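Okay, structure first, notes after.
Everything numeric in this text was worked out from a predicted model, so none of it was measured.
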Amino acid sequence: MLTQEQERIIADTAPVVAEHLEAITQRFYPLMFDRYPDVKALFNAAHQASGSQPRALAGSVLAYVQLRQDPARAREVLGTVVSKHVSLGIRPDQYPIVGECLMAAIGEVLGEAVTPEIADAWSALYGELAGLLIELEDQRYHQFASLPGGWRGTRTFRIADTRQESAVIRSFVLEPEDGGPVADFAPGQFIGIKLTIDGTPAYRHYSLSAAPNGRSYRISIKREGEGQVSRHFHDTLKVGDRLELLPPAGELTLDASNAPILLLSGGVGQTPMLSLAAQALAEGREVTYLHAALDGEHHAFADEVKALEARYPQQMRVVTLYERPQPEDAPDHTGRIDRSLLARYLPGNRPQCYFVGPQGFMSCVDAHLDDLGVPASRRHYETFGPSRPLHAAA
């Protein structure tokens, strides 16, 4: 617990730290990777290069400074951070590394302005945040490990099957090497994967794209031209190859109501929507599913979604939007998503809206839903990569 004097110092210096926080986090990562190269594998190089990872760290620190006087709200806000950490298997012994390097970065950026008293106060604040994250993550690890088919740490799976879903998206069905059961997950969640590429470990997390079945997990990955891991999945991995899986996690899960559901996805953002749709339909809820793709060749899971619609004809409505349809395509609409399209398909009776896709797509959807009177509490989304506000620069 911070002393009264440390509380005062944090309050007095928070504006200065906030002003320089992005510079601090930009310095923090190179410094940490230089001192502790083994942790570099836990971070996506593309997110480092784009600046999204440093911005996400800066946002988390600022959020905690502002919310720590409301512990319940702080725990809620940190839920997304906890989920990402669980999917990476973050351990308590890794937190001192972050603390050491973060304080070193603060010292380098702010220089002599960081007195020993200020350094002690911010170190204490970080210790408080680290302790809370360790507690919340341990709860998640323990909860999943206690499920039938659950585990803690990593578990070896094999690729049991693959399927090309579109021109750029391929699915991988993963079954445990030990032949045991597989724990259920909450539809909409993602799972952490550890693999080795050219002798170097790499960690990623991917949405679970099929409903829980107790036997296997399915992930569906878009091949990114500059994506080292996605190219490895598409170009190198095959049936029988091994992967290490970490516990499922994620906050994009179905709300506990019977309200109608609007699902909106762009491109590979479709992956978490498939299990969400299946769950909502099984619970008897009305589902409107609007998917935007470049064209028919890039539209994954079309048959799978149509099969759901055929199974639940009174509950489900499927709408397709192609940006540049080919002559053989027959989408319901062409172009890009806009306010009038959302207004046309937005269900009545206080719908819950879930949307995932590229940052620009989600920013657009969020703004239009807000304009249509859908409150933030009924707008749910998740970013692929470090979490950041929808209005943040790419």
Side-chain angles (χ1 to χ4, degrees), residues 2 6 9-68 74 77-115 118-134 136-137 202-205 359 363 382-394:
L2 274 67
Q6 287 173 331
I9 290 174
I10 294 296
D12 289 346
T13 59
V16 177
V17 173
E19 181 183 351
H20 296 89
L21 194 52
E22 187 160 342
I24 291 168
T25 55
Q26 289 283 2
R27 178 62 191 124
F28 159 75
Y29 284 102
L31 192 154
M32 181 172 66
F33 296 158
D34 182 60
R35 293 186 182 183
Y36 300 96
D38 289 348
V39 306
K40 190 172 184 178
L42 294 167
F43 299 89
N44 187 319
H47 299 154
Q48 290 293 317
S50 70
S52 59
Q53 185 77 57
R55 284 194 294 269
L57 175 62
S60 297
V61 173
L62 281 179
Y64 184 68
V65 170
Q66 295 164 358
L67 293 171
R68 54 189 292 271
V77 170
L78 290 172
T80 301
V81 177
V82 170
S83 289
K84 295 292 173 68
H85 284 186
V86 168
S87 75
L88 292 168
I90 297 299
R91 307 185 310 268
D93 64 310
Q94 291 169 322
Y95 278 93
I97 292 174
V98 174
E100 171 199 325
C101 297
L102 186 59
M103 292 309 303
I106 289 174
E108 287 190 18
V109 172
L110 299 183
E112 295 180 357
V114 183
T115 65
I118 291 174
D120 287 345
W122 281 91
S123 292
L125 179 75
Y126 171 77
E128 181 181 277
L129 173 58
L132 178 57
L133 289 171
I134 290 169
L136 296 175
E137 288 156 20
Y203 292 79
R204 291 295 186 272
H205 46 262
Q359 186 82 359
S363 298
E382 183 172 68
T383 58
F384 288 168
S387 299
R388 61 191 191 272
L390 290 184
H391 57 75

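- With rounding to the nearest 0.5 Å, the separation of CG in L78 from CZ in R68 is 12.0 Å.
- The heavy-atom pair separating V16 from H20 by the smallest distance is O-ND1, 3.0 Å.
- Atom CG of L88 is separated from atom OG of S83 by 11.0 Å, given to the nearest 0.5 angstrom.
- Between the CD atom in E100 and the CG atom in L31 there is a gap of 8.0 Å [rounded to 0.5 Å].
- With hydrogens and angles disregarded, no donor-acceptor distance shorter than 3.5 Å links the side chain of Y95 to the backbone of G127.
- Of all non-hydrogen atoms in G107 and V114, the two that sit nearest each other are CA-CG2, 4.3 Å.
- Between A113 and I118, the shortest heavy-atom contact is O-CD1, 3.3 Å.
- Residues I90 and L42 form a side-chain contact, since some pair of their non-hydrogen atoms from C-beta on lies under 4.5 Å apart.
- Residues L102 and I24 are in side-chain contact: their nearest non-hydrogen atoms beyond the backbone lie under 4.5 Å apart.
- Here NE2 of H85 is found 10.5 Å from NE2 of H205. Values are rounded to the nearest 0.5 Å.
- Checked by atom type, the side-chain pair E128/Y64 shows a donor-acceptor distance below 3.5 Å.
- Residues W122 and V65 have side chains in contact (heavy-atom distance under 4.5 Å, counting atoms from C-beta outward).
- Considering every non-hydrogen atom in both V98 and F28, the closest pair reads O-CE1, 3.5 Å.
- A pairwise comparison of heavy atoms in Q94 and G89 identifies OE1-O, 4.3 Å as the closest pair.
- Here the closest heavy-atom approach between residue M103 and residue S123 is recorded as CG-OG, 3.5 Å.
- In this structure, CG on L132 lies 9.0 Å from CD on E137, to the nearest 0.5 angstrom.
- Residue L2 forms a side chain to side chain contact (heavy atoms under 4.5 Å, CB included) with just one option from I9, I10, D120, and that option is I10.
- The OG1 atom of T13 sits 12.5 Å away from atom CD of E19, with the distance rounded to the nearest 0.5 Å.
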